[in-house]
Asks: 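Input: one structure, supplied below.
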Amino acid sequence: MSVRRVMGTEVEYGISVQGMPTANPMVASSQVVNAYASATVRARRARWDFEEESPLRDARGFDMSRQVADPTQLTDEDLGLANVILTNGARLYVDHAHPEYSTPEVVTPLDIVRWDKAGEQVMLDAARLAQNLPGNPSIVLYKNNTDNKGASYGAHENYLMRRSTPFADIVRHLTPFFVSRQVITGAGRVGKGQDGREHGYQISQRADFFEVEVGLETTLKRPIINTRDEPHADPEKYRRLHVIIGDANLSEISTYLKIGTTALVLAMIEDRFIAEDLTVDTPVASLRAVSHDPTLRQTVTLADGRKLTGVQLQMEYLDLARKYVEDRLGADADEQTLDVLARWEDVLDRLERDPMSLADQLDWVAKLKLLEQYRSRDGLAWDDAKLQLIDYQYSDIRPEKGLYHRLVGAGRIQRLLTDADVEHAMTMPPEQTRAYFRGRCLEKYADHVAAASWDSVIFDLPGRESLQRVPTMDPLRGSRAHVGDLIDACDTAESLVAALSR
Amino acid sequence: MAQEQKQPRKSGEEQDATEVAPESDVAERKESLDDDVDAILDEIDDVLESNAEDFVKSFIQKGGQ
């Protein structure tokens with residue numbers, strides 16, 4: 001009924017090795033992940049547990065020697081193993097030739113921002129630590145989604161939903177929302193077409209890479225609605241909606257609104273609140289058309305014949321969400337739900353009147369403003385390499401080089417969090433979900449945690465022949481309220497497991 | 001951007017003599033806006049990778065999800 005829900009994000013970072021354009025990105029990604037793991041993960045390195053459903057005896061016999069091998073000795077076969085769990089409950093690993101960070105499970109949009117930004121700092125530290133490896137590789141990471149030469153990599157969102165909600169309802173009501181939400185959540189891109197063959201600016205990094213409406217794929221023929229369904233929770237009760245259409249945002253407000261508005265729409269779908277049919281004709285073409293018009297005048301045609309701009313279509317959802325929250329929560333609505341609604345309305349209003357007034361809030365507007373200033377000062381056409389460079393460098397995660405960071409440093413982009421908030425989230429888990437149990441176990445009993453995953457923590461205890469698997473199938477159990485005192489009271493992993501088995 | 005900043009000056013020209021003071025306010029504001037833009041571009045100039053063409057050419061990624 002609100003913006004609260006079990007959620008998380010996973011971001012693949014662009015990667016380059018300075019001075020070595022032909023460096024193997026899988027090796028570089030492994031170096032980044034392993035450098036961070038070696039420097040921060042204490043003693044034994046817990047591995048990711050892929051055998052989530054196996055009984056105890058099947059989880060025996062890990063070969064830890066592969067995990068502690070010097071990254072330069074790793075063969076291609078080993079590279080897939082760069083995969084660690086952090087004390088904040090997050091997962092840091094290599095996926096598809098990119099380093100990737102998955103946030104721990106959280107329950108509010110602001111906490112997504114907190115642990116997503118913590119991921120940027122983890123990546124920054126990791127790249128700096130990798131410089132100490134043999135050969136001193138200078139690895140730079142980018143929080144973006146395309147090289148403008150045909151490759152795209154994702155920034156995914158995950159939302160836990162009730163299994164009882166018909167998937168057809170999700171597709172029907174979420175597709176028009178996804179076609180239009182980019183006017184708020186876009187990260188901006190110089191170049192049009194997957195390989196950037198057409199010059200100009202567009203709102204979204206990802207829009208041109210979506211080719212179908214619904215499907216299972218995430219790397220080819222990407223669908224607006226992805227059907228992957230591994231809930232990492234009781235599948236009878238839950239599905240995990242895996243959203244692959246979003247851009248990687250640097251702006252905290254962009255991320256906050258992306259998650260907050262989507263969570264509200266999902267709540268309305270689950271509660272069957274949306275009676276209107278906002279179905280859009282040709283969603284894939286409409287998605288691109290909206291992205292390709294930063295003046296925001298492009299309309300899409302609805303099944304009922306109406307023609308609405310992306311902003312107007314978002315206003316339809318905002319109106320529904322306002323009524324929904326008033327109807328279901330009234331005066332009991334929580335602060336963050338009300339804040340998301342207020343910001344959503346303000347942003348849409350500004351997009352209608354004066355989009356450039358959002359240059360201190362939204363990524364695509366901040367980037368466009370900077371590009372226009374350069375174009376005006378230096379007389380640059382859209383095919384000028386300098387503008388392309390500005391697009392890439394906006395997402396460079398180094399505070400001294402990244403243009404997003406320079407704009408924040410100059411007081412030109414608003415934030416929701418402080419540096420201290422983000423630093424705290426680099427090591428501390430959220431308190432409302434099982435990520436708390438996972439993170440605290442890794443922090444306190446690192447020597448005896450053999451493996452972990454979203455839905456388990458596996459202990460290797462002295463004197464016990466078999467590994468002890470503690471399932472964490474319910475994302476809302478294992479919170480601080482459930483296990484905080486217990487973990488505080490248990491000095492050893494043995495005592496914790498004994499207490500949990502009682 | 002440039003357009004937005006020029007508008008105030010234009011309307012300033014249309015104002016009559018009784019509004020002399022606001023006109024100079026507008027001119028000052030325009031000047032400070034220009035300074036503002038220059039300041040941030042100067043700062044960005046300092047950190048931009050030096051050879052844009054080479055940089056853009058070498059920024060090649062493998063596809064992901």
Side-chain angles (χ1 to χ4, degrees), chain A residues 10 12 14-16 19-22 25-26 95-98 100 142 144-156 209 217-220 222 244 354 356 369-370 372-378 384-393 396 398 400-403 405-407 409-410 412, chain B:
Chain A
E10 24 175 325
E12 295 178 326
I15 183 164
S16 68
M20 296 177 64
T22 57
M26 278 182 279
D95 198 9
H96 295 277
H98 298 274
E100 178 160 344
Y142 298 84
N144 64 1
N145 304 103
T146 179
D147 62 1
N148 205 40
K149 297 177 182 70
S152 185
Y153 31 100
H156 298 174
F209 295 91
E217 286 276 6
T218 56
T219 57
L220 294 159
R222 294 184 184 88
I244 68 169
D354 179 14
M356 280 302 152
K369 180 172 177 179
L370 189 58
E372 290 290 9
Q373 285 171 340
Y374 265 93
R375 277 162 52 76
S376 157
R377 188 193 71 176
D378 299 348
D384 197 287
K386 196 166 190 177
L387 300 181
Q388 190 68 60
L389 169 65
I390 290 168
D391 184 356
Y392 296 144
Q393 208 175 326
D396 184 331
R398 295 173 297 175
E400 68 279 13
K401 292 293 269 186
L403 304 188
H405 287 284
R406 301 318 310 158
L407 291 170
R412 285 157 198 266
Chain B
M1 284 302 90
Q3 258 181 346
E4 271 172 36
Q5 289 148 22
K6 276 171 196 152
Q7 276 164 357
R9 182 184 281 166
K10 211 178 198 174
S11 64
E13 284 162 10
E14 288 160 15
Q15 284 163 348
D16 60 30
T18 60
E19 284 179 17
V20 171
E23 189 179 342
S24 76
D25 274 0
V26 165
E28 265 173 41
R29 205 165 63 223
K30 156 96 170 95
E31 207 162 279
S32 80
L33 267 176
D34 281 352
D35 286 350
D36 211 29
V37 171
D38 289 345
I40 191 67
L41 293 197
D42 284 348
E43 189 186 327
I44 302 279
D45 282 339
D46 286 345
V47 300
L48 269 188
E49 302 289 348
S50 50
N51 190 327
E53 289 214 9
D54 283 356
F55 187 91
V56 169
K57 251 183 238 158
S58 64
F59 190 84
I60 299 169
Q61 300 291 312
K62 282 259 198 305
Q65 294 202 47

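Letters go in sequence order (proteins before strands), and every chain restarts at 1.
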Asks: Evaluate the ring planes of B/Phe59 and A/Tyr142, with Trp represented by its six-membered ring, and classify them as parallel (under 30°), tilted (30 to 60°) or perpendicular (over 60°).
Replies: perpendicular

Asks: Would you mind checking which part of A/Arg222 comes under 4.5 Å of any heavy atom in chain B, side chain (CB onward), backbone (N, CA, C, O), both or neither?
Replies: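 Contact with chain B is through the side chain of A/Arg222 alone.
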
Asks: Using side-chain heavy atoms (C-beta onward) and a distance below 4.5 Å, is B/Gln65 in contact with A/Ile244?
Replies: no

Asks: A/Gln393 versus B/Ile44: any side-chain heavy-atom pair under 4.5 Å?
Replies: no

Asks: Which atoms of B/Asp45 come close to chain A, meaning under 4.5 Å heavy atom to heavy atom: side chain ones, backbone ones, both, or neither?
Replies: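 Both the backbone and the side chain of B/Asp45 come within 4.5 Å of chain A.
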
Asks: Where on A/Glu12 is there a heavy atom nearer than 4.5 Å to chain B: the side chain, the backbone, both, or neither?
Replies: side chain

Asks: Between chain B and each of A/Ala97, A/Ser152, A/Gly409, count heavy-atom pairs under 4.5 Å; write down the option with the most.
Replies: A/Ser152

Asks: What's the separation between atom CD1 in B/Ile40 and atom CZ in A/Arg412, rounded to the nearest 0.5 Å?
Replies: 4.0 Å

Asks: Please classify the contact of A/Lys386 with chain B as side chain, backbone, both or neither, using a heavy-atom distance under 4.5 Å.
Replies: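 Contact with chain B: backbone and side chain both.
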
Asks: With a 4.5 angstrom heavy-atom cut-off, could you sort out which part of A/Glu400 is near chain B: side chain, backbone, both or neither?
Replies: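 For A/Glu400, the contact with chain B is made by the backbone alone.
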
Asks: In Å and rounded to the nearest 0.5 Å, what is the CZ to CG distance from A/Arg377 to B/Leu41?
Replies: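 Those atoms lie 5.0 Å apart.
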
Asks: Has A/Lys401 got a side-chain atom pairing as donor or acceptor with B/Val47's backbone, closer than 3.5 angstrom?
Replies: yes

Asks: Could you tell me which residues satisfy side-chain contact (heavy atoms from CB on, under 4.5 Å) with B/Asp46, sequence neighbours excluded, listed by chain and number?
Replies: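 Expected list: none.
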
Asks: Give, as side chain, backbone, both or neither, the part of A/Arg406 having an atom under 4.5 angstrom from any heavy atom of chain B.
Replies: both

Asks: Salt bridge (charged side-chain N to carboxylate O under 4.0 Å, His left out) with A/Arg398: which residues, sequence neighbours excluded?
Replies: A/Asp396, B/Glu49

Asks: Give me the atom names and distance for the closest heavy-atom approach of B/Ser58 to A/Pro21.
Replies: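 Heavy atoms only, the tightest pair is CB-CB, 3.8 Å.
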
Asks: Could you tell me which portion of A/Thr22 (side chain, backbone, both or neither) has an atom closer than 4.5 angstrom to a non-hydrogen atom of chain B?
Replies: neither

Asks: Tell me, for A/Asp378 versus chain B, whether the close heavy atoms (under 4.5 Å) come from the side chain, the backbone, both or neither.
Replies: neither

Asks: I'd like to know whether NZ of B/Lys62 has more than 12 heavy-atom contacts from other residues, nucleotides or ligands below 6.0 angstrom.
Replies: no

Asks: Just verifying a value: how many Å separate B/Lys57 NZ and A/Gln388 CD, rounded to the nearest 0.5 Å?
Replies: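 The NZ atom of B/Lys57 sits 13.0 Å away from the CD atom of A/Gln388.
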
Asks: Return the CD to CG distance between B/Glu43 and A/Leu407, rounded to the nearest 0.5 Å.
Replies: 8.0 Å

Asks: Return the minimal non-hydrogen interatomic distance between A/Ala385 and B/Val56, and the atom names on each side.
Replies: O-CG2, 3.5 Å

Asks: Between A/Leu220 and chain B, with a heavy-atom cut-off of 4.5 Å, which part of the residue counts as in contact: side chain, backbone, both or neither?
Replies: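 No part of A/Leu220 comes within 4.5 Å of chain B.
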
Asks: Using heavy-atom distances under 4.5 Å, tell me whether B/Gln61 contacts chain A through its side chain, its backbone, both, or neither.
Replies: both

Asks: Shortest non-hydrogen contact from A/Thr219 to B/Gly64?
Replies: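 Smallest heavy-atom distance, with atoms named: CG2-O, 3.2 Å.
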
